[in-house]
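Here is the structure we will look at, set down as structure tokens.
Only this structure's heavy atoms are used, side chains among them; waters, hydrogens and symmetry mates stay out.
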Amino acid sequence: MLAMNTLLIVDPQAMPGPYLDRETGVLLAFNGEIYNYRQQATAWGIPLAAGETDAHFVLRAWAKIGPSCLDGLDGMFALAVYDPRAGKLFLARDRLGEKPLHWRLDGGRLAFASEVITLTGYGPAPLVLRPEVLAIETPVGADTPFQGIQLLAPATLLAFDTATGSLDQTTWWSLTNRQPFESTYAEALAKFSVVLAEQAPLRAPACDFALLLSGGLDSSVLAYLLRPPVCVTVRYPGQDRLDESVIATRVAADIGAELIVVEPDPIDFTKVLPHMMSALDYPMGNASTFSEHMAYRKIADLGLKVAVGGLGPDEFLMGYVRHSMVLFGPDAVLAAGMDAYKPLAAKLLHTAGESLEPAEAVTRLVLRGPDPERRIRDLIATAMEKAGGDLARGLTHADLATAWRPLVMTSDKLASAYALERRSPYLARDLVELAYRLPVKHKIAHPAEGKRILRDAAKALGLPREVWGSRDKLGFASPVPAWLNGKLAGWADAQIHTALAEAPAAMRPLLEGGLKQAGRFDRTRMQALMAAAWFCDQTVRAAA
């Protein structure tokens with residue numbers, strides 16, 4: 001049985017799914033958005049009647065050419081297709097995992113859903129504390145905190161034979177083995193600028209929408225390309241280090257957009273934490289979680305249905321300071337004026353004189369907890385090997401294997417909790433593949449200035465110097481970790497102790513870690529508090 005809900009973004013009058021192709025019997029349940037569906041429908045000779053949407057296109061494309069149609073789809077999606085001609089149920093997920101899809105197989109019965117909590121009702125699913133959660137604040141690979149329930153990996157096709165119960169998984173898209181983009185920098189910049197200008201606007205909806213505008217490079221470029229009617233930024237009074245609202249105000253004024261400034265305080269955090277954790281399938285490490293949640297709430301209050309954000313350039317164009325530290329060394333980064341990152345550099349500086357393997361350096365920079373079995377080290381090493389010796393590409397693969405999953409999943413889940421569709425224009429296929437293929441010198445040529453080619457594209461677009469010349473990356477970071485060690489310390493302790501009273505043994509190490517004294521940049525306490533709120537939510541649901 002297939003079932004789905006429809007947000008009605010492409011066509012407010014569209015018929016709800018699932019969708020049936022009467023000629024072939026192919027049945028589709030679909031979550032997401034295909035941005036190039038009209039172009040592909042024309043290219044493949046697939047008719048679309050008035051009022052039919054991207055879901056109808058996917059249905060007919062599958063009926064016509066089968067799973068190979070996936071390669072032609074540019075968008076974010078999770079889908080399920082029952083094809084009676086093959087006697088199989090197929091599950092597939094988009095290239096970079098923008099839309100979630102969980103599944104479990106019990107006694108020859110396959111169950112799947114966008115929300116993992118839905119699957120806990122289909123048989124026992126004991127909580128399991130994966131070691132990776134303590135190490136980097138998130139499960140990795142296909143793991144979830146529920147035994148027997150897996151997350152379908154991005155760009156993966158799962159085929160389930162309904163007669164035999166056999167199951168097979170294949171990867172339908174990959175970044176590996178792509179030829180480098182050989183050109184001068186001027187040629188590369190021209191190509192990148194054209195692809196950016198062509199592809200990013202395709203992910204802007206026809207209806208009114210809001211742009212998450214932090215004031216940083218990525219979101220500001222989108223502001224100039226997409227010209228949103230509304231921009232939403234988040235600032236924390238008294239937290240000048242995290243405040244980019246002055247630049248956001250300048251950008252919004254330049255493009256003629258209304259700027260909405262959200263100013264959360266500690267009390268807001270205590271009030272929204274239960275709803276925030278109810279929206280997430282499980283706690284995941286993302287420093288912007290609270291800020292994003294508050295921004296989405298405001299966007300929903302405005303009556304809008306789509307939120308656009310700037311995920312992607314940091315991972316594909318070397319935008320994180322940790323990238324610079326691996327590529328140039330921590331001394332070079334600090335010498336370039338990045339003194340605020342001394343705590344991060346310290347993870348490498350105490351090995352001065354030693355020659356660190358890149359995978360070891362990356363591991364030290366991303367670890368937030370113990371990794372006694374070197375599982376994260378091995379995961380990163382394996383990911384970086386996919387790059388064939390190109391260190392910048394290896395760093396991209398390391399990011400995709402570790403920090404990427406919580407970024408895309410929290411964005412999707414928190415937006416969905418307010419019936420919003422989250423779109424990320426930088427994840428357009430052509431843009432991602434081009435960015436990956438660029439040589440490292442086109443991505444970063446100075447320890448304090450990653451995303452070189454995007455900076456120069458922004459300069460050509462006429463963005464203010466404060467945007468393309470900025471050396472620091474803030475995004476929607478929040479002061480929540482500091483609050484939990486200050487104004488909210490007593491409240492946080494009480495929440496964690498309440499959860500500890502009933503938590504299973506598997507969760508206790510995570511929760512107990514939050515009762516220890518945390519440093520200024522330590523998110524252990526935040527992670528424990530989110531786990532406590534999540535566990536309490538699970539307990540309430542189970543009792544209902």
I need the minimum non-hydrogen distance between Pro100 and Asp412, along with the two atoms involved. CD-OD2, 3.3 Å
Check the surroundings of atom CG in Asn177: do more than 12 heavy atoms from other residues, nucleotides or ligands lie under 6.0 Å from it? no
Drop me the distance from Arg368's CZ to Thr138's OG1, to the nearest 0.5 angstrom. 12.0 Å
Rounded distance [0.5 Å steps], CG in Leu344 versus OG in Ser324: 10.5 Å
Checking Trp483 now: which residues fulfil ring-ring contact (aromatic ring centres under 6.0 Å, His included) with it, not counting sequence neighbours? Tyr236
So Val362 and Thr402, do their side chains get closer than 4.5 Å, heavy atoms only? no
Audit row: Asp399, Arg322, side chain to side chain contact (heavy atoms under 4.5 Å, CB included) steps and yes/no: CA-CA 11 Å; Asp399 284 345; Arg322 64 174 178 267; 3.0 Å; yes
What distance separates Glu98 CD from Ser411 OG, expressed to the nearest 0.5 Å? 9.5 Å
Would you say the side chain of Leu454 lies within less than 4.5 Å of the side chain of Phe192, judging by non-hydrogen atoms? yes
Side chain of Thr156, backbone of Pro154: donor and acceptor closer than 3.5 Å? yes
Out of Leu157, Ile34, Leu70, which residue meets the side-chain contact (heavy atoms from CB on, under 4.5 Å) rule with Leu79? Leu70
Does the Ser288 side chain pair with the main chain of Ser291, one donor and one acceptor, at a distance under 3.5 Å? no
Does Arg93 reach the main-chain N or O of Ala155 with its side chain, forming a donor-acceptor pair under 3.5 Å? no
Counting N and O atoms only, with roles assigned by atom type, does the side chain of Lys191 sit under 3.5 Å from a partner on the main chain of Phe181, one being a donor and the other an acceptor? no
Kindly state each residue pair satisfying salt bridge (Lys or Arg N to Asp or Glu O under 4.0 Å) with at least one member in residues 286-300, sequence neighbours excluded. Glu292-Arg422
Among residues two or more places apart or on two chains, list those pairs meeting salt bridge (Lys or Arg N to Asp or Glu O under 4.0 Å) that have a residue in residues 435-450. Glu449-Arg471
Between Ile376 and Ala135, the two heavy atoms sitting closest are CG1-CB, 3.7 Å
Heavy-atom check, side chain of Leu304 versus side chain of Phe209, under 4.5 Å: no
Closest non-hydrogen atom pair, Asp54 against Gly32: OD2-O, 4.1 Å
So which atom in Ala392 and which in Met318 form the shortest heavy-atom distance, rounded to 0.1 Å? O-CE, 3.3 Å
Which value, rounded to the nearest 0.5 Å, describes the distance between Glu198 atom CD and Leu196 atom CG? 10.0 Å
Report the residues that fulfil side-chain hydrogen bond (donor to acceptor under 3.5 Å, both in side chains) with Ser219, sequence neighbours left out, ordered by chain and then residue number. Ser214
Heavy-atom side-chain contact between Cys207 and Val306 under 4.5 Å: yes
Does Glu357 offer a backbone N or O that forms a donor-acceptor pair with the side chain of Glu360 under 3.5 Å? no
Leu280 and Met277: side chain to side chain contact (heavy atoms under 4.5 Å, CB included), yes or no, with the steps? CA-CA 5 Å; Leu280 297 177; Met277 296 315 302; 4.0 Å; yes
Donor-acceptor contact present, side-chain Thr289 to main-chain Asn286, <3.5 Å: yes
Determine, step by step, whether Asp371 and Arg377 satisfy the salt bridge (charged side-chain N to carboxylate O under 4.0 Å, His left out) criterion, reporting the C-alpha distance in whole Å, the side-chain angles of both residues, the deciding distance to 0.1 Å, and the verdict. CA-CA 8 Å; Asp371 185 31; Arg377 168 65 172 77; over 6 Å; no
Arg130: which residues meet the side-chain hydrogen bond (donor to acceptor under 3.5 Å, both in side chains) condition with it, sequence neighbours left out? none
Does the side chain of Leu217 reach to within under 4.5 Å of the side chain of Pro313, using non-hydrogen atoms? no
Across all chains, not counting sequence neighbours, the ring-ring contact (aromatic ring centres under 6.0 Å, His included) partners of His323 are Tyr320
Applying ring-ring contact (aromatic ring centres under 6.0 Å, His included) as the test, list every pair that has at least one member in residues 424-445; sequence neighbours left out. Tyr185-His442, His397-Tyr436
Roughly how far, to the nearest 0.5 Å, is the CG atom of Leu529 from the CZ atom of Arg525? 8.0 Å
Counterpart residues, salt bridge (Lys or Arg N to Asp or Glu O under 4.0 Å), relative to Asp254 (two or more places apart): Arg250
Could you tell me if the side chain of Lys342 sits less than 4.5 Å from the side chain of Leu334, heavy atoms only? yes
Does Gln40 use its side chain to pair, donor to acceptor, with the backbone of Cys69 at less than 3.5 Å? no
Sequence neighbours excluded - side chain to side chain donor-acceptor pair (under 3.5 Å) pairs with any residue from residues 67-79: Asp71-Arg429, Asp74-Arg203
Residues which pass side-chain hydrogen bond (donor to acceptor under 3.5 Å, both in side chains) with Glu115, listed by chain and number, not counting sequence neighbours: none
Which heavy atom of Asp208 sits nearest a heavy atom of Pro229, and at what distance? OD1-CG, 4.0 Å
Are Cys231 and Thr233 close enough that some pair of their side-chain heavy atoms sits under 4.5 Å apart? no
Please collect all ring-ring contact (aromatic ring centres under 6.0 Å, His included) contacts where either partner lies in residues 279-298, sequence neighbours excluded, each pair once. Phe269-Phe290, His275-His293, His293-Tyr418
Residue pair Leu391, Leu327: steps toward the side chain to side chain contact (heavy atoms under 4.5 Å, CB included) verdict: CA-CA 8 Å; Leu391 184 51; Leu327 292 166; 3.6 Å; yes
Check: Asp94 side chain, Glu33 main-chain N or O, donor-acceptor pair, under 3.5 Å: no
What's the shortest heavy-atom distance between Gly216 and Val467, and which atoms? O-CG1, 4.1 Å
So how far is it from Leu311 CG to Leu212 CG, rounded to the nearest 0.5 Å? 9.0 Å
Working for side chain to side chain contact (heavy atoms under 4.5 Å, CB included), residues Lys451 and Asp314: CA-CA 7 Å; Lys451 299 183 284 193; Asp314 289 310; 2.9 Å; yes
Would you check if Arg95 and Val432 make a side-chain contact, meaning some heavy-atom pair closer than 4.5 Å? no
For the side chain of His102 and the backbone of Leu151, is there at least one donor-acceptor N/O pair under 3.5 Å apart? no
For Thr396, give me all partners under side-chain hydrogen bond (donor to acceptor under 3.5 Å, both in side chains), at least two apart in sequence or on another chain. none
